[in-house]
Amino acid sequence: MTSIDQTPLNTADGKRTYDLDRSHVFHSWSAQGSLNPFVVAGGSGCTVWDYDGNEYLDFSSQLVNTNIGHQHPAVVEAITRQAETLATVAPSHANLARGEAAERILSHAPAGFSKVFFTNGGADAIENAIRMARLTTGRDKVLTTYRSYHGNTGAAIVATGDWRRMPNEYARGHVHFFGPFLYRSEFWAETPEQESERALRHLERVIQSEGADGIAAILLETVPGTAGILVPPPGYLAGVRALADKYGIKLILDEVMAGFGRTGRWLALDDFDVVPDLITFAKGVNSGYVPAGGVIISDEIAAAFNDRVFPGGLTYSGHPLAMAAIVGALDAMESEGIVDNARMIGEQHLGPGLKKLQEKHPMIGEVRGVGVFWALDLVTDRNTREPVPASVIGGLKADLQRRGLLAFTAENRIHVVPPCIVTPDEVEQALALYDEAFTAAESA
Ligand code: PLP
């Protein structure tokens with residue numbers, strides 16, 4: 001693995017990187033004028049560094065995707081080897097890396113799934129899963145939760161529940177409902193059981209009110225991520241499956257963020273008694289070393305396209321470099337016990353450590369999560385649960401960075417989402433930095 005000592009670093013390169021970015025790069029989800037991007041020169045494992053030689057613990061996993069950490073040598077080598085063999089190939093041709101990637105992915109899927117459709121990332125996986133559900137049901141509507149993010153393409157962004165949907169509402173047939181979230185319950189629930197039961201009742205009423213025979217799919221993140229790391233309460237996902245069956249609706253589970261190690265399971269759905277019809281994935285499948293995503297397709301849906309044309313495709317579907325990265329990443333995750341590590345870290349280090357922080361800092365209203373997938377829900381008052389303003393989150397993020405930690409923030413929350421390879425020592429270091437930053441924020 002590359003280390004900081006092997007990388008030639010100088011401040012001039014850092015300045016040039018920053019200047020080129022500010023002059024010519026148009027960034028996602030931002031007003032461009034006031035951006036001040038962090039300049040990354042390199043990385044290794046859970047650490048990244050800038051051109052001045054400052055090191056940072058990456059507790060964001062970039063965009064919650066570097067599950068295997070930075071510059072894992074097995075993945076870099078797999079990409080290099082494939083680049084030397086065949087750097088690109090048409091999607092219509094058969095290619096060994098693609099077949100092996102599909103086989104590896106399916107080995108972690110529930111029984112009854114034996115085909116994968118590859119895409120360039122998560123959003124187009126969602127587009128194609130929705131398309132498959134619509135074509136196989138002959139129905140149009142797609143039900144998703146308000147607290148969700150499903151990607152930035154035509155249907156995926158309108159399936160999204162959060163604010164990013166509204167300026168993009170051009171796709172049709174999307175209906176939103178409230179999923180379970182006990183800490184900020186829409187259902188006046190006081191226990192996880194009540195939240196689950198009432199959220200299911202609400203969903204059934206939405207299905208009936210929208211007209212069940214017009215609904216193609218219910219699309220859910222198995223564990224909603226960007227919306228706040230909302231681990232579903234007992235019985236919820238099984239209850240959604242039962243409603244989908246009752247009304248002839250396909251169930252799509254979006255595992256783009258939660259899948260491939262993040263929850264300490266190969267798929268987040270492994271923790272629940274649920275088998276969907278379609279599973280979308282991206283991010284952790286190859287830690288984003290080369291962009292890739294896809295849809296894991298149930299045998300029943302795959303069979304529907306045996307004699308009927310599937311009207312969808314991409315030039316880079318199953319791109320060999322991305323596929324080699326999948327094989328390299330999944331093999332290394334398996335042989336190095338990386339998924340088990342994520343589980344152990346959550347149970348023995350991150351979960352207990354963050355709960356201790358909560359005892360000390362009144363600003364932390366709730367700690368929730370699993371594996372290496374945790375949210376700190378920050379409040380101005382624990383009784384009212386009023387979210388802290390954006391300025392507090394912005395201040396904490398900047399302060400953590402000054403102290404040497406890259407944080408992931410969303411709305412009033414800090415998401416604690418290190419790579420799945422994170423060690424107990426790195427967790428201790430990070431907890432100390434969060435502690436210092438909260439202490440500073442509370443005394444400000
Ligand atoms: N679905 C979920 C749950 C996500 O978290 C994301 C991205 O964060 C997407 C879909 C979209 O993936 P991509 O950005 O690769 O298109």
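These figures come from a predicted structure and were not determined experimentally. Whatever order the structure lists ligands and atoms in, that order sets their numbers, starting from 1. Side-chain atoms are counted along with the backbone in the values below, which use heavy atoms only and exclude waters and symmetry mates.
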query = Are Thr222 and Leu267 close enough that some pair of their side-chain heavy atoms sits under 4.5 Å apart?
reply = no
request  = Mark up the atoms of ligand 1 that fall under 4.0 Å of a heavy atom belonging to Glu221, in ascending order.
outcome  = 3 (C)
task = Give yes or no for whether the N/O distance cutoff of 3.5 Å, strictly under, is met between Asp254 and ligand 1.
result = yes
message = So, regarding Lys283 and ligand 1 (criterion: nitrogen or oxygen to nitrogen or oxygen, under 3.5 Å), is there a contact or not?
response = yes
ask   = Strictly by modelled atom types, are Asp50 and Tyr56 linked by a side-chain donor-acceptor pair under 3.5 Å?
value = yes
message = Please tell me if atom 12 (O) of ligand 1 is touched by the protein, where touching means a protein heavy-atom distance below 4.0 Å.
response = yes
note = of all protein heavy atoms, closest to atom 2 (C) of ligand 1 is Tyr149 O, 3.2 Å
inquiry  = Give me the residue, atom name and distance of the protein heavy atom closest to atom 9 (C) of ligand 1.
reply    = Val256 CG1, 3.7 Å
key: Gly122 N/O under 3.5 Å from ligand 1 N/O   = yes
query = Taking the inter-plane angle between the rings of Phe59 and Tyr434 on a 0 to 90° scale, is it parallel (under 30°), tilted (30 to 60°) or perpendicular (over 60°)?
reply = perpendicular
query = In this structure, are over 12 heavy atoms from other groups packed under 6.0 Å from Glu300 atom CD?
reply = no
task = Report yes if the distance between the aromatic ring centroids of Tyr51 and Tyr18 is under 6.0 Å, otherwise no.
result = no
Polar side-chain atom of Asn65 near backbone of Ser287 as donor-acceptor pair, under 3.5 Å = yes
request  = Before signing off on this row, confirm whether Ala123 and ligand 1 have an N or O atom pair separated by under 3.5 Å.
outcome  = yes
